[in-house]
A.B. asks: 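Got a structure for you, questions after.
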Amino acid sequence: MIVPTPNIAVYTESLVVTTSSQTALTRWANGLPAGPDRDMYLRDLAGADQAADIATSGFDTIIVGLFHVHDGGAIYCNDFPVNSDTLAAVCDGIKALKSSPGSTVRTVLLSFGGGNWAGHPASVSDSDYPAMKASWPAFKASLTELLKTSGADGVDWDYEPETVPFDSDFIIRITNELAALPCLVTAAPYTDQPNWLTVIAGTATGSAGNNFAWWNLQLYGGADYPDWVTALKGASTGLGGGSVEAFLVPGYSPYDCSGSPAGAIQDLRTAFPSLNGAFIWNYGSIKECASDMAASIKAVFQPSAGEG
């Protein structure tokens, strides 16, 4: 699997749709019995993002979130069920990220999990990953079908446990199994550095590298980039030298269009010349200026923009 160079990425948080898939999913939702679930699905659809808008905004990598796992291994995109009735339409939106005319997208990942938010008692990861583990064979089959049908290149583990123990063994297992498909696998750490160091040691493939393609390091969540570089260079990761800097992709979370993080990224790249890109959380917060922000970040890496 090819890792984009430079890796200029954005997470999405809403459903990603085409005009036709939004129509199909709305028709399906309207066919359900009246009640809170139907109302919720229709709200999600009303707030969906058009794949063509994301595809032409200038980002190279789109990390589609947020996917969740319910009891029995059922997959949801936010609150929206991804099942036999909705799979084709949901995947049409994801496929269009690459196929839309003028798309700059080279890599698409599906992100599972997430953290906390105001009024929510615990991290979503506290339920997503135990449900995934309890039904792993069935879930893996459903995930494989989702990846194939959507044309996505891999998965992102947005694993942020808060009220349950960090399950290093499970993250190692699922990363190694999916990488063997083959499938790109990334993660989005910010804290729990000792646990993530255990994980990356368990996913190393000798001197040849690691089964993780890269990590989306949440600087906005409190991660310290130099500290993580030092930690990984001192660990048994399969990564060496400047490849650690390329492996750790720094993330920024602008609340609106008031400013690009390009200056901060440039400063970081001056200190770490092998830095390979950056990501933004999330598309919804910069929708009106996504093209300008992607261009300003790409300009930092312009000398290598033709590689990959």
A.B. asks: Sequence neighbours left out, what passes salt bridge (charged side-chain N to carboxylate O under 4.0 Å, His left out) with E145? Give chain and number order.
C.D. replies: none
A.B. asks: Treating Q218 as the side-chain partner and A188 as the backbone partner, does any N or O pair qualify as donor plus acceptor under 3.5 Å?
C.D. replies: yes
A.B. asks: Keeping S125 on the side-chain end and E160 on the backbone end, is there a donor-acceptor pair under 3.5 Å?
C.D. replies: yes
A.B. asks: Restricting to side chain to side chain donor-acceptor pair (under 3.5 Å), what partner residues turn up for R43, sequence neighbours left out?
C.D. replies: none
A.B. asks: How would you list, by chain and number, every residue that makes a side chain to side chain donor-acceptor pair (under 3.5 Å) with S135, sequence neighbours excluded?
C.D. replies: none
A.B. asks: Do N83 and T86 pair up side chain to side chain, a donor and an acceptor below 3.5 Å, judged on atom types alone?
C.D. replies: yes
A.B. asks: Less than 6.0 angstrom separating the ring centers of Y76 and F112, yes or no?
C.D. replies: no
A.B. asks: Under 4.5 Å between side-chain heavy atoms, counting indirect links through other Ile/Leu/Val/Met/Phe/Trp/Tyr residues: same cluster for L197 and F247 or not?
C.D. replies: yes
A.B. asks: Checking D126 side chain against T163 main chain: does a donor-acceptor pair fall under 3.5 Å?
C.D. replies: yes
A.B. asks: Check side chain to side chain donor-acceptor pair (under 3.5 Å) between S100 and all other residues, then give those that pass, not counting sequence neighbours.
C.D. replies: none
A.B. asks: Please check this pair: side chain of S99 against backbone of K95, looking for a donor-acceptor N/O pair closer than 3.5 Å.
C.D. replies: yes
A.B. asks: Please list, chain by chain and in numerical order, all residues satisfying ring pair (Phe, Tyr, Trp, His ring centres under 6.0 Å) with Y11, sequence neighbours excluded.
C.D. replies: F279, W281
A.B. asks: Please determine, by modelled atom types, if T203 and N210 share a side-chain donor-acceptor pair under 3.5 angstrom.
C.D. replies: yes
A.B. asks: Let me check something: do F67 and I171 share a hydrophobic cluster, defined by ILVMFWY side-chain heavy atoms less than 4.5 Å apart, either directly or through other members?
C.D. replies: yes
A.B. asks: W228 and W196: aromatic ring centres closer than 6.0 Å?
C.D. replies: no
A.B. asks: Any side-chain to backbone donor/acceptor pair from T198 onto P194? Under 3.5 Å, distance only.
C.D. replies: yes
A.B. asks: Given K133, which of D71, D167, D128 fulfils the salt bridge (Lys or Arg N to Asp or Glu O under 4.0 Å) condition?
C.D. replies: D167
A.B. asks: Same cluster or not: L110 versus I75, using hydrophobic residues (I, L, V, M, F, W, Y) connected whenever any side-chain heavy atoms lie under 4.5 Å apart?
C.D. replies: yes
A.B. asks: How about W28 and F80: are their ring centres within less than 6.0 Å of each other?
C.D. replies: yes
A.B. asks: According to the interplanar angle, ranging from 0 to 90°, do the rings of F212 and W215 count as parallel (below 30°), tilted (30 to 60°) or perpendicular (above 60°)?
C.D. replies: perpendicular
A.B. asks: So, are K298 and D60 salt-bridged, with charged N and O less than 4.0 Å apart?
C.D. replies: yes
A.B. asks: Does any donor atom in the side chain of W157 or T186 lie under 3.5 Å from an acceptor atom in the other side chain?
C.D. replies: no
A.B. asks: Going by the rule side chain to side chain donor-acceptor pair (under 3.5 Å), which residues pair with N211 if we only count those two or more places apart in sequence or in a different chain?
C.D. replies: N176
A.B. asks: Is the gap between the ring centers of Y220 and Y252 under 6.0 Å?
C.D. replies: no
A.B. asks: Can V16 be reached from M40 by stepping across I, L, V, M, F, W or Y side chains whose heavy atoms are under 4.5 Å apart?
C.D. replies: yes
A.B. asks: If I take atom OG from residue S57 and atom CD1 from residue I8, how far apart are they, to the nearest 0.5 angstrom?
C.D. replies: 12.0 Å
A.B. asks: For D156 and N216, which I'm curious about, is there any donor-acceptor pair between the side chains at under 3.5 Å?
C.D. replies: yes
